[in-house]
2 protein chains.
Amino acid sequence: MNDNSHIIKYVNQYIELTKEEEDYFSSLITNKSIKKRQYIIQPDFVAKNRSFVLDGAFRGYLMCTEGKEHTIAIAIENWWITDYNSYIFQQPATLFIEAIENSKIAQLSYDNEQKLLDKFPKFEKLFRILSQQSLASTQRRIMSNLSDSAEIRYEKFIRDYPKVVNRLPQYIIASYLGFTTEYLSKIRKKRVEA
Amino acid sequence: MNDNSHIIKYVNQYIELTKEEEDYFSSLITNKSIKKRQYIIQPDFVAKNRSFVLDGAFRGYLMCTEGKEHTIAIAIENWWITDYNSYIFQQPATLFIEAIENSKIAQLSYDNEQKLLDKFPKFEKLFRILSQQSLASTQRRIMSNLSDSAEIRYEKFIRDYPKVVNRLPQYIIASYLGFTTEYLSKIRKKRVEA
DNA sequence: AAAAGAACTTGAACTAGTTCAAGATTTAGG
DNA sequence: CCTAAATCTTGAACTAGTTCAAGTTCTTTT
């Protein structure tokens with residue numbers, strides 16, 4: 001049965017909801033189970049949803065012309081994930097968004113989000129805060145990419161996301177940090193030796 | 001006299017304001033003239049304001065330990081600029097934000113923003129939309145940084161910001177794109193020859 | 001219009017990180 | 001428990017982009 005108490009509790013950290021608001025929000029949410037390696041968003045299709053991870057892990061990646069994968073976003077429990085360029089402007093996606101583990105998500109569709117915002121403008125605040133926080137962390141990521149060496153970016157990643165490091169295969173971490181899996185292998189070897 | 005019609009018109013593109021809302025918003029905005037090379041935000045001080053560029057150009061940059069500058073953000077007319085990590089969480093800044101030209105800005109302080117949002121929650125929507133759009137473009141920037149060569153990043157920059165290219169000194173463009181001014185010089189030479 | 005300061009260019013030597021290829025290890029599924 | 005698939009490792013050759021240093025050009029100020 002779909003009891004949305006987990007995501008409702010999460011939302012209540014940002015805005016206090018009345019019972020009516022909770023119920024309406026709940027009615028707009030769709031719960032899904034996603035198997036490992038399954039995609040929830042693919043290039044050329046419009047990202048219809050933003051997804052809140054209840055359990056499991058996802059990544060968003062770009063497949064470049066030479067066939068290399070570049071991980072743009074990762075998400076574990078209590079993170080949202082989507083192709084924002086696609087979702088916000090309702091244009092075709094460029095990212096693949098793939099489950100890295102068997103996962104459970106709560107999805108909010110673009111149309112339902114509009115309904116929600118129209119009916120209860122209080123939710124504007126939720127999405128304002130969420131996107132401001134994402135913006136701040138994305139800006140920190142750009143800073144690190146521009147000014148830190150591969151080794152330091154990896155150190156910071158371990159420090160900032162200790163829970164994520166051991167759950168993700170290393171080729172995903174490497175492609176998130178902007179270098180190759182071979183190079184990360186060398187960095188790790190060096191760390192162990194030191 | 002401070003006539004805020006320009007920024008008010010800008011805001012009205014996103015949310016329709018009543019006269020009362022316009023006046024209140026207007027009362028919370030401070031207009032300033034900033035000379036070229038003057039700073040509006042410096043590391044270790046909390047970013048008290050977000051600034052809307054009425055006229056001129058700014059950049060936000062990081063000074064790394066080896067003394068190199070990394071441009072994180074640029075802004076011309078009708079763009080907002082601040083150190084978001086500092087502003088949103090009201091913690092010490094890490095960026096310098098510097099006027100690249102003699103400029104005019106309209107500033108909204110963090111405290112005034114809270115007042116504004118409390119009194120007229122309609123403004124939640126404005127800041128939600130603005131930060132979502134910034135988030136989308138920041139995500140595009142990360143994609144390009146991870147998957148494109150220096151040359152292609154420069155081509156895309158020219159294509160996406162044609163008005164900016166000729167206004168900024170090339171060392172700023174290079175540091176925004178993540179390479180050296182010497183290398184950009186070589187890229188430009190190659191383009192002219194081709 | 002001279003002088004000083006910013007910004008840009010050029011080339012040669014260098015290095016952080018890539019590429020490729022082959023083997024070793026771990027994980028998942030039936 | 002066995003097999004196939006996925007992931008990780010290692011080393012040698014390579015390259016995109018850096019560094020440094022010196023000279024040139026453009027801008028600003030007086």
Side-chain angles (χ1 to χ4, degrees), chain A residues 34-39 56-57 59 61 64-71 74 96 98-103 144-158 164-194, chain B residues 35-38 57 59 61 64-71 74 96 98-102 144-158 164-194:
Chain A
I34 309 289
K35 283 261 166 64
K36 189 171 173 173
R37 262 172 263 280
Q38 203 183 318
Y39 293 101
R59 68 158 173 158
Y61 68 93
C64 76
T65 35
E66 298 88 47
K68 276 172 230 150
E69 294 173 4
H70 299 280
T71 299
I74 51 190
F96 291 90
E98 179 194 33
I100 301 172
E101 305 171 357
N102 291 331
S103 304
S144 185
N145 285 345
L146 290 181
S147 63
D148 298 331
S149 69
E151 230 170 308
I152 291 175
R153 273 176 276 152
Y154 179 60
E155 295 296 342
K156 286 190 178 172
F157 185 83
I158 291 174
V164 174
V165 181
N166 299 308
R167 263 170 89 172
L168 300 193
Q170 93 168 11
Y171 72 93
I172 290 180
I173 296 175
S175 88
Y176 179 83
L177 293 173
F179 45 80
T180 60
T181 181
E182 291 94 332
Y183 197 60
L184 182 47
S185 184
K186 282 159 201 178
I187 290 174
R188 280 182 163 169
K189 192 185 177 192
K190 212 173 132 195
R191 277 170 53 85
V192 172
E193 284 167 356
Chain B
K35 283 263 168 63
K36 190 172 171 169
R37 262 173 264 279
Q38 205 184 316
R59 68 158 173 155
Y61 68 92
C64 76
T65 34
E66 298 89 48
K68 276 172 233 154
E69 295 173 3
H70 299 280
T71 300
I74 50 188
F96 291 91
E98 178 194 33
I100 301 172
E101 303 171 0
N102 292 332
S144 185
N145 284 346
L146 290 181
S147 63
D148 297 330
S149 69
E151 231 170 307
I152 291 176
R153 274 177 274 152
Y154 180 60
E155 295 295 343
K156 286 190 177 172
F157 185 83
I158 291 175
V164 174
V165 180
N166 300 307
R167 264 169 89 171
L168 301 193
Q170 91 167 15
Y171 72 92
I172 290 180
I173 296 175
S175 87
Y176 179 82
L177 293 173
F179 45 81
T180 60
T181 182
E182 291 95 331
Y183 196 60
L184 182 47
S185 185
K186 282 160 203 180
I187 290 174
R188 280 181 163 170
K189 191 184 176 193
K190 212 170 131 195
R191 278 170 52 84
V192 172
E193 284 168 358

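A, B, ... follow the sequence lines: proteins, then strands. Residue 1 opens every chain. What you see below is based on every heavy atom in this structure, not just the backbone, and it leaves out hydrogens, waters and symmetry mates.
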* When every nucleotide of nucleotides 18-30 of chain C is labelled 5' to 3' by its protein contacts under 4.0 Å (heavy atoms), B for base, S for sugar-phosphate only, - for none, what sequence of letters results? -> BBB-------S--
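For the helix from C/dA1-D/dT30 to C/dG30-D/dC1, the terminal axes (five pairs an end, C1' atoms, rotation from four pairs onto the next four) enclose an angle of 60°, given to 10 degrees.
Under the side-chain contact (heavy atoms from CB on, under 4.5 Å) criterion, B/Ala99 pairs with B/Ile34, B/Phe58, B/Ser103, sequence neighbours left out. Residues passing the ring pair (Phe, Tyr, Trp, His ring centres under 6.0 Å) test with A/Tyr154: none are found, sequence neighbours excluded. When the ring pair (Phe, Tyr, Trp, His ring centres under 6.0 Å) test is applied to B/Phe157, the partners found at least two apart in sequence or on another chain are B/Tyr161, B/Tyr176. Residues meeting the salt bridge (charged side-chain N to carboxylate O under 4.0 Å, His left out) test with B/Lys156, sequence neighbours left out: B/Asp148. For the side-chain hydrogen bond (donor to acceptor under 3.5 Å, both in side chains) test, no residue two or more places apart in sequence or in another chain qualifies with A/Tyr171. A/Lys68 is linked by a side-chain contact (heavy atoms from CB on, under 4.5 Å) to A/Cys64, A/Glu66, A/His70, counting only residues two or more places apart in sequence or in another chain. Residues meeting the side-chain contact (heavy atoms from CB on, under 4.5 Å) test with A/Gln170, sequence neighbours left out: A/Thr181, A/Leu184, A/Ser185, A/Arg188.
If you take CZ of B/Arg59 and C1' of C/dA7, they are 13 Å apart, rounded to a whole angstrom. Regarding A/Lys189, its NZ atom lies at a distance of 7 Å from the C1' atom of D/dT10, rounded to whole Å. Rounded to whole Å, atom C1' of C/dT10 lies 14 Å from atom CG of B/Leu184. The NE2 atom of A/His70 sits 14 Å away from the C1' atom of C/dG17 (whole-angstrom rounding). Between B/Asn166 atom CG and C/dA7 atom C1' the separation is 15 Å, expressed in whole Å. The separation between B/Lys190 atom NZ and C/dT9 atom P is 16 Å, rounded to whole Å. Per the geometry, CG belonging to A/Leu168 stands 15 Å off C1' belonging to D/dA6, to the nearest Å. As a whole-Å value, the separation of A/Arg191 CZ from D/dT9 P is 13 Å.
Near DNA chain C, meaning a heavy atom under 4.0 Å from it, residues 150-157 of chain B has no residue at all.
Pairs passing the salt bridge (charged side-chain N to carboxylate O under 4.0 Å, His left out) check and including a residue from residues 170-180 of chain B, sequence neighbours excluded, do not occur. Residue pairs meeting the salt bridge (charged side-chain N to carboxylate O under 4.0 Å, His left out) criterion with at least one member in residues 173-186 of chain B, sequence neighbours excluded, do not occur.
Residue A/Ser185 places its side chain closer to D/dT10 than to any other of D/dT10, D/dT7, C/dT9. Proximity note for A/Gln170 (side chain, C-beta onward) versus C/dC8, C/dT10, D/dT9: the nearest is D/dT9.
Here the side chains of B/Ile152 and B/Ser147 are not in contact, with every heavy-atom distance at 4.5 Å or above.
Between A/Tyr39 and A/Tyr61, the ring-plane angle classifies as tilted under the 30° and 60° cut-offs.
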